[in-house]
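Below, chains carry the letters A, B, ... as their sequence lines are ordered, and counting in each starts from 1.
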Amino acid sequence: MSAVQPVRGTHDLIGEQQRRHAHVIEAARRVADRYGFEEWTTPIFENTAVFARSLGDTSDVVSKEMYTFTDRGGDSLTLRPEGTAAVCRALITNGLTQSLPQKVFYAGPMFRYERPQKGRYRQFHQIGAELIGPGEPLADAEAITMGRDVLAALGVADEVTLELNTLGDLASRAEWRAALVCYFSDYRERLSEDSQLRLERNPLRILDSKAPEDRLIANSAPALDLFLNDESRRFWDELRRGLDAFGVNYTINPRIVRGLDYYSHTAFEFVTTRLGSQGTVLAGGRYDGLVAEMGGPQTPAIGWAGGVERLAMLLDEPPPVVAPIAVIPLGSEAECMAIHLLNQLRSAGLRAEMAYRGNLKKRMERANRIGASHVVILGEIELTRGIVQLRDLSNGRQQEIKPENVVEVLCQVERAEQQV
RNA sequence: GCGGACGUAGCUCAGCUGGUUAGAGCGCCGGUUUGUGGUACCGGAGGUCGCGGGUUCGAGCCCCGUCUUCCGCCCCA
């Protein structure tokens, strides 16, 4: 394998890719801020136990899909495969279980040893939000609404639909699970090979199996609805009332499940049909059991994570680039003046660049290539006359103005453009 | 982990049943006189045909292996 080849499933973010990526994160950050969420940055690796414990030691995921390694001190470390467990660990180690609620936003790289596909990479990026402390269904509704607002801010709200389900509380869920195992066991022989395995490890997943032979059986499986206790039913009703109040549209999809036991009540996914089989763009749920499972006090929590790569692909238009102003001096005396002008333009908050070499033609070409909106030309002639040439590259109009007016004129132009 | 498809210049691709120095468009660089970009014209650079084996007088093209990307499945914390 060549040394200049990137590692399988990793990719460089350059140019438009990087701009799309940054745009997604910045939009999410702004929305999170409006909701009163604070950004946390946790390490990209943790003691393996942080993730192993949150996932259950027997899980396939732990052994097959985590980037785990032993460091020089002999400790087992793991590149984080998701954000929630790390945030919960940070909550506990910083003693913040004493000051709830915590409203946390995060963004950063995650790592999973998976077979790459479009929208599925070994190093990928997520934005996420965790609302830790409140156990009320309105908290779920608000968290979901915040996710919707992120999608709306990105202009992709019309591309996705919100699919919603409840898993019931821990007791309801356990009863339902037992009933499913019982039901599916009767049809064991007729289930797909994969689902026969799922029956042992993760029976809920049979419900969203894609195998045709499973579909008929799964569609007639006992519904959770039959097992919801009063408490769970009340929660589910209030969640939907809350979403209605927040003005969030959704469809109920009983096939949305979560494998792990600490999940309860709310499960949701914003999905699109535009990304093939990696159509889930932002998803989450309630995990009232996780903080306790990690050694903290019993703490209710709801959260979600969104895939930055998938969202970036969904953006129709790449984020616009701010057109710079090109300053073109001719001659060393003019260069001094140009540098002064550059400082002024940048101090005024404008994007300004200067080319170091080439004749006027070359520098004009370069100005055009970097997408400059205007060019300021100052050479010997201009110096002696005490003016500069200001050329609008969009229409070729060129005017002579005094150097001291350049910043003001260009600021006015920018203000005018922002209003359009 | 399983099944399948692709892999030729920076990018998008062509290359007929294996036959001499591998092509196009876009992009890039230079030029169309000396201080004016974008459109036009002329010219130029740039390719281990993913990599490694094999068959053949001869392989971009056939065979085997391998890697990447992509499409399903598994998984989806």
Side-chain angles (χ1 to χ4, degrees), chain A residues 1-2 4-11 14-16 50-56 59-66 78 80-88 110-122 124 126 128 192-195 197-198 201-202 204-205 208-212 214 256-263 267 269 271 275-280 283-285 287 290 293 303-305 307 310 326 328-331 334 355 358-382 389-398:
Chain A
M1 194 181 298
S2 166
V4 294
Q5 199 167 38
V7 171
R8 180 178 206 193
T10 67
H11 54 165
I14 294 174
E16 185 186 322
V50 168
F51 304 112
R53 190 185 293 184
S54 71
L55 293 168
S59 165
D60 252 26
V61 171
V62 172
S63 51
K64 284 162 77 172
E65 299 195 19
M66 296 201 317
T78 295
R80 65 181 182 195
E82 55 118 6
T84 304
V87 166
C88 289
M110 307 290 164
F111 306 83
R112 296 181 188 178
Y113 191 87
E114 295 188 290
R115 186 136 182 173
Q117 257 178 65
K118 188 196 289 296
R120 163 178 270 199
Y121 308 102
R122 290 186 170 181
F124 61 105
Q126 284 188 331
S192 68
E193 210 174 305
D194 283 331
S195 285
L197 277 171
R198 281 191 272 242
R201 294 186 205 159
N202 197 352
L204 268 57
R205 285 281 171 199
D208 63 351
S209 167
K210 287 169 189 161
D214 293 340
I256 291 184
V257 295
R258 294 284 183 269
L260 300 168
D261 287 337
Y262 54 75
Y263 285 104
E269 299 184 358
V271 298
L275 297 177
S277 52
Q278 275 70 240
T280 302
Y287 50 95
L290 179 56
E293 197 153 320
W304 53 255
R310 294 179 189 182
I328 302 183
L330 295 166
N359 55 24
L360 180 55
K361 184 181 166 64
K362 284 282 161 262
R363 296 194 198 200
M364 286 294 288
E365 280 174 4
R366 181 171 162 70
N368 193 61
R369 188 149 20 96
I370 64 174
S373 62
H374 293 79
V375 176
V376 179
I377 303 166
L378 60 163
E380 313 289 332
I381 302 166
E382 285 75 16
Q389 304 285 348
L390 177 63
R391 186 180 178 87
D392 184 337
L393 286 186
S394 64
N395 55 21
R397 278 177 39 212
Q398 187 164 314

> In terms of side-chain heavy atoms, does Glu382(A) have a donor or acceptor partner in Gln389(A) at a distance below 3.5 Å?
Replying inline: yes
>> Can you identify which nucleotide, out of C73(B), A77(B), G37(B), has its nearest atom closest to the Gln117(A) side chain?
In response: C73(B)
> If you check every side-chain atom of Tyr263(A), which of A77(B), G35(B), G31(B) has the closest atom?
Replying inline: A77(B)
>> Looking at the base of C75(B), is there any donor atom on it, or on the side chain of Arg120(A), that sits under 3.5 Å from an acceptor on the other one?
In response: yes
> Looking for any heavy atom pair under 4.0 Å, which part of the strands does Ser209(A) touch: base, sugar-phosphate only, or nothing?
Replying inline: nothing
> Which nucleotide sits closest to the side chain of Gln5(A): C73(B), G37(B), U68(B)?
Replying inline: U68(B)
> When you compare C62(B) with G1(B), how far apart are their P atoms, in angstrom units rounded to a whole number?
Replying inline: 28 Å
> Quick one: Glu193(A) CD to C2(B) P, roughly how many Å, whole number?
Replying inline: 14 Å
> If you measure from the C1' atom in C71(B) to the same atom in G25(B), how many Å do you get, rounded?
Replying inline: 28 Å
>> Side-chain N or O of Asn202(A) versus OP1/OP2 of C76(B): is the shortest distance under 4.0 Å?
In response: yes
> Going by modelled atom types, is there a donor-acceptor pair between the base of U36(B) and the side chain of Gln398(A) at under 3.5 Å?
Replying inline: yes
> Does a nitrogen or oxygen in the side chain of Arg198(A) sit under 4.0 Å from OP1 or OP2 of C76(B)?
Replying inline: no
>> With a 4.0 Å cutoff (strictly under), does any side-chain N or O of Ser277(A) reach OP1 or OP2 of C73(B)?
In response: yes
>> What contact category does Arg80(A) fall into here, base, sugar-phosphate, or nothing, at under 4.0 angstrom with non-hydrogen atoms?
In response: nothing
> Given the C1' atoms of U32(B) and U39(B), what is the spacing between them in whole Å?
Replying inline: 15 Å
>> Can you check the distance between U8(B) and G50(B), where both ends of the measurement are the P atom (answer in whole Å)?
In response: 6 Å
> What nucleic acid atoms does Arg363(A) come within less than 4.0 Å of, heavy atoms only: base, sugar-phosphate, or nothing?
Replying inline: nothing
>> G35(B), OP1 or OP2 - any side-chain N/O from Lys361(A) closer than 4.0 Å?
In response: no
> Counting side-chain heavy atoms from C-beta on, which of U36(B), G35(B), C73(B) comes nearest to Glu382(A)?
Replying inline: G35(B)
> Whom does A40(B) pair with, Watson-Crick or G-U wobble, provided both distances fall under 3.5 Å?
Replying inline: U32(B)
>> Which nucleotide wins on minimum distance to the side chain of Arg8(A), given the candidates A77(B), U68(B), U36(B)?
In response: U68(B)
> In whole Å, what is the span from the CZ atom of Arg369(A) to the C1' atom of G10(B)?
Replying inline: 14 Å
> Looking only at side-chain N and O atoms, does Lys64(A) come under 4.0 Å of OP1 or OP2 in A77(B)?
Replying inline: no
> Please walk me through it: do Arg391(A) and Leu393(A) pass side-chain contact (heavy atoms from CB on, under 4.5 Å)?
Replying inline: CA-CA 6 Å; Arg391(A) 186 180 178 87; Leu393(A) 286 186; 4.2 Å; yes
> Counting side-chain heavy atoms from C-beta on, which of A77(B), U36(B), C73(B) comes nearest to Lys210(A)?
Replying inline: C73(B)
> Can you tell which of G35(B), G37(B), C75(B) lies closest to the side chain of Glu365(A)?
Replying inline: G37(B)
> Expressed in whole Å, how much space separates the P atoms belonging to G30(B) and G37(B)?
Replying inline: 14 Å
>> Taking any heavy-atom pair under 4.0 Å as a contact, classify Gly331(A): base, sugar-phosphate, or nothing.
In response: nothing
>> Suppose you measure atom C1' in G7(B) against the same atom in A14(B); what distance do you get, rounded to whole Å?
In response: 15 Å
> Out of A77(B), G37(B), C71(B), which nucleotide sits closest to the side chain of Lys118(A)?
Replying inline: C71(B)
> Considering only the P atoms, how many Å lie between A24(B) and G46(B), rounded to the nearest integer?
Replying inline: 14 Å
> Per the atom types in the model, does the base of G1(B) pair as donor or acceptor with the side chain of Arg115(A) at under 3.5 Å?
Replying inline: no
> With both distances under 3.5 angstrom, what nucleotide forms a Watson-Crick or G-U wobble pair with A24(B)?
Replying inline: U12(B)
>> Taking the minimum atom-to-atom distance to the side chain of Asn368(A), which one of G37(B), U69(B), C74(B) wins?
In response: G37(B)
>> With rounding to the closest Å, how many angstrom separate the C1' atoms on U48(B) and G52(B)?
In response: 12 Å
